[in-house]
Amino acid sequence: MLTVKIDGVEVQVEPGTTILEAAEKAGVHIPIMCHHKNLNPFGACRVCLVEVKGSPKLMTACTTPVSDNMEVITNSEKLQNIRKTLIELLLINHPLDCPVCDKGGECLLQDLTYEFGVAKVRFDEKPNNNPVDHTNPFIERDIDRCVLCGKCVRICDEIVNVEAISFINRGVETYIGTAFDQPWNCEYCGQCMSVCPVGSLNNRVYLFKNRPWNLEHTETICGYCSCGCTVIVDHEDNEVYRIREDVEKGVNKGLLCAKGRFGYELINSTERQLNPKVKEADEYKDVDYEGAINHVADKLKSVVEKYGSESIGVIVSPRLTNEEAFLAQKLARDVLKTNNVYSLETDLVLPDATYQDVEGSDCLLVFNIDITESNPVLGYSIRVAGRREDSNLYVFYPNVTPLKRVATEFFVYKPSDLYNEVEKLIKALDGEENNYAEVAKRLKESEKPVLVFNPYNLKDVEIIKELSSKLPNAKIVPAKSKNNSQGIVDMGCLNGLKPGYVDADKGVDLREGVESDKIKALLIFGENIAVRSEYYDLLNILNDLELVFVTDPFFSETAELSNVYIPVATFAEKDGSFTNFEGRVQSLNKAVDKGVFTDRKIIVDLMSRFDVKVNDDLFSIRKMIEDENPIYKGVDWNGGIVKYPYRIKERVQGSFEIKGEGEYELYPAYLRLHNGSFTRRSYDLSKVYGEPLLEINPEDAKKLNVNENDFVTVKIGKESFKYRVTIDKKIPAGTVAIPKDFKETAPLFFEGDYLKVELIKHL
C-alpha cells in the first residue's frame, strides 16, 4: 500500500491508483470534465490539474498514478485561476443558451462555470451556427455545444466497440462526427449521449418534455431482457419521462441498450387499456375490476364442477415478478388443484457464470447466438473480454455480428454446416488434428473459459454439454431472453416442476391438452402466445375453450382471443423481484401508478374467491417463497445469487433438422431493438424497426432483382409469406434471416426454425 497526502488528508491506496481516485477516497473534490469511471484516463480537458509537491509542473489528476509519500494540493489560487481560464476558453465557441438547452440543470459545464465564478468571458465570443443533426432516431447532435471531451468517442470505441463517431480534422477545426459526415450507423445504445457532459448529445425521446429538477427518481430493474440492469426511472405525475443509468449502481455499471434506454414509452402508451373486458356475444364490454374477477372465478368453478380440476391450465409469462410467478403456480396447484402449469421457458440449463466471470475470462466461445441483439449489456461484457490481449474470443454464427470486431476468430457457416463444424471442434478437443486444432488448444489451455449460447435450442444445449464436459474449468452462460426468464422457472412455473426444482406430478402437455379438449379453461398471465410459432396452430382452437383469461398491459394478440381480459402493470408500476441470467435476485421498485392492478393482486384476489387468504404484501410472499423454495431460503433479495442444483440436465439430446427443398437457407434472426411483443408498443423503437424484415445478401438481392424495402414472397412447400426486404452484406449469400416472435412470422417458423425456402420478388 502507498501513503498519499491530499490537501493534508492522508490515505492508503493500492499501487496504480490515480490522484483522482485517491482524492475520492480522501473525500477531496477535484473537478473533472473528460473523465469517466467506465473509460480509460484521457487527460484532455485539464480541468483536473493539481499541484504535486516537488514537481515543477502541474499534473492531471485523472491520468497521474500516485507514488509513495506523494503530497498533492488540489485547491489553490493558482489552480483556481487556471481552471477558470480553461472554462472561459471552452465558452468562446459554446452558445450560452442554457435556458433552452435540454441539458440545463445537469450540465457539467454549467456546474463548473458556477463553481469557478465565471460571470463574464474575457475572450471574444465566436459562437458557431451549425445545423442540429437529427439523423439518429434517438439522439439529437448539436456540435456547436460540444467541448471535445472525447467521452462519446471513447465509450463507443472502448466499450460498445462500434466506433460510429470519432474526432474529425485537427486543431481549431476539430469536431466529433461520423465518417465522411454520413448518417449514424450504430446500435442506438445511447452510451455516447449518457456520458456527454453538455447538451451536445440529447435524448430525442425526452427532448423538451420536462426539466430534471421537476422529476422524481426511482431506482429499479429493467423489464426487458435477462441482463438485469439497474435503471433510474425519472417521472412526474405518474408519467415516465426518461430512463437512465447510474454508473455507481447495478451489475450493468451504468451501461444500457436501446431497449432499456429508449423503450420506456410503452409505459405511457395511449394504446394501453384501463378497464377490464368481458366478451359477450362476440363483443367486448368494459366491466369493473370486481366484476371481471368474479366472472373468472365463477367460470373456473363451473369448469371444475363439470370437467374436474385438471381441465384448467395456467400459463405464466417471464414478465411476471418472482413473487407473482410463485403465487400463480400456487393458485394452480394448491387452490385450483391442477398440475397444468406452463411457461415457454426451459429448465434444461441453469445459471453458472456472472458478469465478472465473463469479463475476466481468458477464452470465450459464443455459439449460435447474436448476443449483441439478444442480451446487449452482456454483449458489452463479452466485447470487453474480447479486447483484452490475454483473452481469446471465438464465435460460431450464420452471419457476421458486431463481435466480429473483437473476435480472435469469427466462423460464419450456413445453418446446415454450423453443427458439423462445431462437431469438428469437439473432435479437436479430443485430439483430432483438423482446422480447429488451434482453437481447441487455446480452450484447453485456458484457466477461465466461458461458453455463451442459446438455451432454448435443444441441439445447442447438447453441444454446450459436450464442450463443457471436455473443459473442466468452463463456465456456461445460458443467455435467456426475458427479464425474469430464470425466475419463473425457479418459482416452479413449468409442467412437472415445483419451486426450487422439486419434481411435481405432471399435468397434460399444453398442446395435447388443448388439441384433445382436455383443457377447458386457460389462465394466461402476461404471455402473448399468439406471436409464438410453437403454438400458432392452436390459436383457432382457443375460441372453443369455455374460458380464456388474459392479463397484459396491452390488449395483445392473445388478449384478442380471450373471454376475459384485465390490463395490468408494467415493471415500472410494481414492486417485486427479477432473477437475471446470472441467477442474481434483484428488487424492483414502483415508480408510477397508471391506474391498473398488478398480476400479484389479481392472483391474490382470485385465491380469495376460493376462500384461500394470502397477504398481498412482499414481505409475506417472500417469506412463503423462502419456506417453500429450498434454493431461495435466506436469499438476499437485493443482489444475492442463487445456488442451483445442476448446470445442464443429465439427458439432453437434440437434433438439427432443416425442412423444405428451396434454394435459400432461412434461419431466425434475433429481434432488432426488441425483446418480444412488449417492446413493440414503444413508438420510437418501432419507428426504427416495427415489422419483421427479411435480411438478404446484396448478391442474392441482385439475382432476385429486389431493392431495399421491396417485398419478397417466401415459399416453403405450398405455403407462401410476404415480407419486406432489407439488404445486408453481413448475411452470407444463399442464406436469409428474419426475426421470430412477430405475428407475421409465427406461421412461417411453425414449420421449423431452419428452413429451405424459395424467394420470388413480389410484384
Side-chain angles (χ1 to χ4, degrees), residues 31-36 39 42 44-48 83-116 118-157 164-178 181-184 186 188-213 234 241-242 244-245 261-262:
I32 56 172
M33 173 72 77
C34 70
H35 180 73
H36 191 275
L39 303 174
F42 197 52
C45 69
R46 325 306 282 179
V47 172
C48 68
R83 289 168 182 162
K84 184 173 182 179
T85 301
L86 287 168
I87 300 303
E88 289 178 300
L89 289 169
L90 288 175
L91 292 172
I92 291 175
N93 300 121
H94 192 91
L96 298 177
D97 60 354
C98 298
V100 297
C101 177
D102 221 47
K103 196 74 171 182
E106 50 190 5
C107 171
L108 189 51
L109 181 59
Q110 193 179 49
D111 293 342
L112 291 174
T113 301
Y114 178 78
E115 182 179 346
F116 296 110
V118 181
K120 185 178 180 182
V121 178
R122 291 172 291 167
F123 308 104
D124 291 336
E125 296 177 29
K126 296 180 181 178
N128 297 316
N129 190 27
N130 293 297
V132 176
D133 178 8
H134 290 113
T135 56
N136 188 305
F138 300 111
I139 301 168
E140 177 196 74
R141 183 167 66 113
D142 187 344
I143 62 173
D144 290 351
R145 293 174 179 156
C146 179
V147 292
L148 297 176
C149 67
K151 287 184 189 176
C152 56
V153 174
R154 288 148 56 208
I155 202 165
C156 194
D157 171 27
I165 49 178
S166 62
F167 288 98
I168 309 291
N169 294 335
R170 294 290 181 270
V172 295
E173 301 297 324
T174 304
Y175 67 96
I176 305 292
T178 60
D181 288 326
Q182 293 296 303
W184 292 60
C186 70
Y188 307 126
C189 65
Q191 299 303 153
C192 56
M193 181 195 76
S194 75
V195 297
C196 182
V198 293
S200 183
L201 298 173
N202 291 311
N203 184 338
R204 288 184 65 184
V205 183
Y206 166 70
L207 200 64
F208 305 137
K209 290 182 179 175
N210 212 319
R211 284 299 199 178
W213 52 81
D234 287 347
Y241 282 92
R242 64 179 176 183
R244 57 185 175 85
E245 74 299 318
R261 191 184 303 280
F262 302 116

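At least one side-chain heavy atom of R145 sits less than 4.5 Å from a side-chain heavy atom of C101. With a 4.5 Å cut-off on side-chain heavy atoms, C149 and P197 count as touching. The shortest distance between side-chain heavy atoms of R261 and Q191 falls below 4.5 Å. Taking the side chain as every heavy atom from C-beta outward, L39 and I155 approach each other to under 4.5 Å. With a 4.5 Å cut-off on side-chain heavy atoms, R154 and C34 count as touching. Counting heavy atoms from C-beta on, the side chains of N202 and D142 never come closer than 4.5 Å.
Atom CG of residue L86 and atom CG of residue L89 lie 6.5 Å apart, to the nearest 0.5 angstrom. Interatomic distance, L201 CG to C146 SG, rounded to the nearest 0.5 Å: 7.5 Å. For the atom pair D97 CG and K103 NZ, the distance stands at 14.0 Å (nearest 0.5 Å). Put simply, CG on N203 and CG on D234 are 10.5 Å apart, with the number rounded to the nearest 0.5 Å. Taken to the nearest 0.5 Å, the CD1 atom of I165 stands 9.0 Å off from the OG1 atom of T178. Rounded to the nearest 0.5 Å, atoms SG (C45) and CD1 (I87) are 8.0 Å apart.
Although no hydrogens or angles enter the test, the distance criterion places a donor-acceptor pair under 3.5 Å between the side chain of R204 and the main chain of H134. At distances below 3.5 Å, at least one donor-acceptor pair connects side-chain atoms of K151 with backbone N or O atoms of M33. Under the 3.5 Å distance criterion, the side-chain polar atoms of Q110 are matched with a main-chain donor or acceptor of G105. With N130 contributing its side chain and D144 its backbone, the two residues share no donor-acceptor pair below 3.5 Å.
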Stepwise side chain to side chain contact (heavy atoms under 4.5 Å, CB included) check, L91 with L109
CA-CA 9 Å; L91 292 172; L109 181 59; 3.9 Å; yes
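Of all heavy-atom pairs between I176 and C152, the closest is CG2-SG, 3.8 Å. Of all heavy-atom pairs between V153 and S166, the closest is CG2-CA, 3.7 Å. In terms of heavy-atom proximity, L108 sits nearest to I32 at CD2-O, 3.2 Å. Considering all non-hydrogen atoms of both residues, G190 and I139 come closest at CA-CD1, 4.0 Å. For D102 against F208, the heavy-atom pair with the smallest separation is OD1-N, 3.0 Å.
In summary, of the residues considered (R244, R211, R242), a salt bridge (charged side-chain N to carboxylate O under 4.0 Å, His left out) with E106 occurs for R242 alone. Between T113 and the options V121, L96, V118, a side chain to side chain contact (heavy atoms under 4.5 Å, CB included) holds for only V118.
Cation-pi check for R83 over F116 is not met; the charged atom does not lie both under 6.0 angstrom from the ring centroid and within 45 degrees of its normal.
Ring geometry for F138 versus F262: interplanar angle under 30°, hence parallel rather than tilted (30 to 60°).
If you check the side chains of T135 and R141, you find no donor sitting under 3.5 Å from an acceptor. Remark: the Y175 side chain and the D181 side chain contain an N/O donor-acceptor pair separated by less than 3.5 Å.
Heavy-atom neighbours of F167 CZ from other residues, nucleotides or ligands within 6.0 Å: above the threshold of 12.
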